[in-house]
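For clarity, every value in this text was computed on a predicted model and none was experimentally measured.
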Amino acid sequence: MAAIELTIDGTREAVEAPTHRTLLEHLRLSGRVGTKEGCAEGDCGACTVAVVAADADGEPGYQAVNSCLVPLAALAGRTILTVEGVAEDDLHPVQVAMVEQGGSQCGYCTPGFVMSMFSGYYQSERPLGDETVEGNLCRCTGYLPIRQAATSLGPALPDDPHRLRLEGAHEPLEAVAYRYDGQRFFRPVTLTGALQLLAEHPDAQLVAGATDLGVEITKFRRRFPTLISLEALPELQMLEDGPEAAVIGAGVPLSHLEQGLAGTFPALDEMLRWFAARQIKNRATLGGNLGTASPIGDLPPVLLALDAEIEVVGAEGGRTLAIADFFTGYRQTALNSGEIILAVRIPKALAAGAARRISFSYKVGKRGTDDISIVAAAYALDLADDGTVVRARLGYGGVAAVPVRAGEVEDLLEGQTWSEELAAAAAQRLRQAFTPLDDHRGSADYRRRLAGNLFLKFYSEYPTGARERAA
């Protein structure tokens with residue numbers, strides 16, 4: 001492929017650019033300066049654009065994404081709208097609402113807010129809630145009129161031109177083999193093709209949603225000679241909620257997962273709520289969160305608490321790993337060379353002799369959905385009818401070099417009656433169970449205290465093993 005082909009604001013373009021160039025860089029270099037750069041790491045939302053992609057039901061829709069994080073090559077074949085492209089003959093209803101409500105002050109953040117609300121405007125959520133713009137920061141603190149603008153919007157009209165353009169707009173992604181000045185970007189469309197490429201380029205960097213890779217490119221100026229995107233592999237897009245287990249393809253966007261498994265695993269629901277803002281969840285994947293092997297990844301503690309299994313595949317075939325065996329060291333996993341994560345399986349069965357399960361998760365960060373964890377914790381207790389803890393799983397992130405279970409405390413809990421005294425004893429042990437590091441997000445002592453106090457919070461919300469916790 002000699003050029004990256006994509007459609008921006010209705011214009012088909014063929015672009016020759018380095019594989020590390022982001023969509024935001026291309027937009028601004030091509031004169032579309034309405035899209036702003038703020039943080040360049042996916043936190044502020046000033047760079048938000050809308051990408052036409054399938055929603056959780058497989059229907060085409062507008063997805064808000066951070067253009068600062070997505071390599072341009074990863075969007076080959078996509079249709080993209082920027083703030084310059086939303087107005088037709090007149091301002092778009094979202095823009096009108098922002099004007100009428102006084103939602104723009106200095107104006108720098110306004111294009112990002114407009115694009116987030118534009119994407120939400122064509123979804124089923126009515127009225128638009130805070131989750132629509134939770135990934136956008138207004139440094140002038142003009143949130144009240146912005147929220148009023150969002151809640152004032154009604155549903156899009158049937159003849160709305162942007163709605164009409166969605167009809168039949170989404171097509172399967174095509175294969176990409178792009179080269180530029182010694183750099184290579186591949187997007188295979190078959191699993192066999194992906195494994196063959198990985199065998200040919202063993203040092204290649206795999207790409208899922210690029211939300212972590214984008215930070216490496218923009219903040220740390222890292223350059224990757226070969227990128228292999230897994231986004232177009234149908235095998236990685238499965239999402240099955242069966243009677244015995246849920247199976248989640250490694251490439252399923254977290255916003256799809258959030259909707260598709262809503263209510264199935266309370267701990268997963270809660271962590272997805274705080275995982276990140278909408279723009280990130282529209283691109284980030286479960287496989288990517290596992291593959292980066294970050295000790296402060298939000299989802300591994302949940303998977304540890306739920307005894308998840310990871311299905312991986314390589315040229316020699318597939319195998320299944322227990323999540324507890326997956327992380328082998330700081331930023332290291334049990335994946336062999338040439339293997340990729342295919343799916344995650346979360347079993348639903350209770351432990352033998354258990355009558356019910358209580359499970360929840362907690363994330364402590366400085367800025368809610370716009371920050372990574374200081375400590376993340378997830379708990380799952382299987383209880384007998386008399387309140388005896390039959391099986392305990394306590395997963396943590398941010399307290400060690402890898403996401404980890406508190407095995408000794410699990411042993412303390414099992415066989416005992418769920419009570420305030422037991423929870424207090426477990427919390428005391430948890431404060432001594434880990435040796436976290438000090439860093440600018442929190443001291444080691446603070447993290448140790450959180451490890452115990454979060455478990456006490458868990459008991460306070462589920463004191464008898466029933467679901468007393470308010471929604």
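The residues Lys281 and Glu258 are annotated as salt-bridged, a charged nitrogen and a carboxylate oxygen being separated by less than 4.0 angstrom. Salt bridge annotation for Arg28-Glu37: absent, with no cationic side-chain nitrogen under 4.0 angstrom from a carboxylate oxygen. Between Glu13 and Arg32, at least one side-chain nitrogen of the basic residue sits less than 4.0 Å from a carboxylate oxygen of the acidic one, meeting the salt-bridge criterion. Ionic pairing of Arg165 and Glu88 is present here: one or more N-O contacts between side-chain nitrogen and carboxylate oxygen are shorter than 4.0 angstrom. Using a 4.0 Å cut-off between charged nitrogen and carboxylate oxygen, Arg78 and Glu231 count as a salt-bridge pair.
Side-chain atoms of Ser30 come within 3.5 Å of backbone atoms of His26 as a donor-acceptor pair (strictly under, hydrogens ignored). Checked by atom type and distance alone, the side chain of Ser361 pairs as donor or acceptor with a backbone atom of Ala267 at under 3.5 Å. Put simply, the side chain of Asn336 never gets that close to the backbone of Glu339: no donor and acceptor are under 3.5 Å apart. Checking side-chain atoms of Arg357 against main-chain N and O of Ala349 turns up a donor-acceptor pair under 3.5 Å. Between the Ser373 side chain and the Ala376 main chain, no donor and acceptor come within less than 3.5 Å of each other.
For Tyr122 and Tyr62, the distance between ring centers is under 6.0 angstrom.
A distance of 10.5 Å separates CG in Leu24 from NZ in Lys36, rounded to the nearest 0.5 Å. Atoms CG and CZ, on Leu233 and Arg187 in that order, are 10.5 Å from each other to the nearest 0.5 Å. Distance CG/Asp43 to CG/Asn66: 8.5 Å, rounded to 0.5 Å. For the atom pair CG of Asn289 and CG of Leu254, the computed distance is 7.0 Å after rounding to the nearest 0.5 Å. Taking OG1 of Thr110 as the reference point, atom CD of Gln95 lies at 10.5 Å (rounded to 0.5 Å). Considering CG of Leu454 and CZ of Phe458, their distance stands at 11.5 Å, rounded to 0.5 Å.
Counting heavy atoms of neighbouring residues, nucleotides and ligands inside a 6.0 Å radius, atom CD of Glu174 does not exceed 12 of them. Arg147 CZ: 12 or fewer foreign heavy atoms inside a 6.0 Å radius. Around the CG atom of Asp90, the shell of radius 6.0 Å holds no more than 12 heavy atoms that belong to other residues, nucleotides or ligands.
Pairs engaging residues 234-245 under the side-chain hydrogen bond (donor to acceptor under 3.5 Å, both in side chains) rule: Asp241-Thr264, Asp241-Lys348 [sequence neighbours left out].
Put simply, the residue from Val176, Leu227, Thr226 that forms a side-chain contact (heavy atoms from CB on, under 4.5 Å) with Phe186 is Thr226.
Using cut-offs of 30° and 60° on the angle between ring planes, the pair Tyr462 and Phe360 is tilted.
Closest approach of Pro295 and Val402 over heavy atoms only: CB-N, 4.1 Å. When all heavy atoms of Gln183 and Thr19 are compared, the pair lying nearest together is OE1-N, 2.9 Å.
Under the 4.5 Å side-chain criterion, counting only non-hydrogen atoms from C-beta, Thr151 is not in contact with Leu128. Side-chain contact between Val70 and Leu75 is present, with heavy atoms from C-beta onward closer than 4.5 Å. Leu290 is not listed as a side-chain neighbour of Thr333, based on a closest heavy-atom distance of 4.5 Å or more. You'll find the side chain of Ser294 reaches within 4.5 Å of the side chain of Arg331, heavy atoms only. Residues Phe185 and Tyr180 form no side-chain contact, since every pair of their non-hydrogen atoms from C-beta on lies 4.5 Å or further apart. When side chains are defined from C-beta on, Glu309 does not count as touching Ile323, because their heavy atoms never get closer than 4.5 Å.
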Worked verdict on His92 versus Phe118 for side-chain contact (heavy atoms from CB on, under 4.5 Å) = CA-CA 9 Å; His92 188 273; Phe118 171 87; 3.6 Å; yes
Evaluate the criterion ring-ring contact (aromatic ring centres under 6.0 Å, His included) for residue pair Phe224 and His20; output intermediate values, then yes/no.
-> CA-CA 8 Å; Phe224 302 92; His20 58 262; 9.5 Å; no
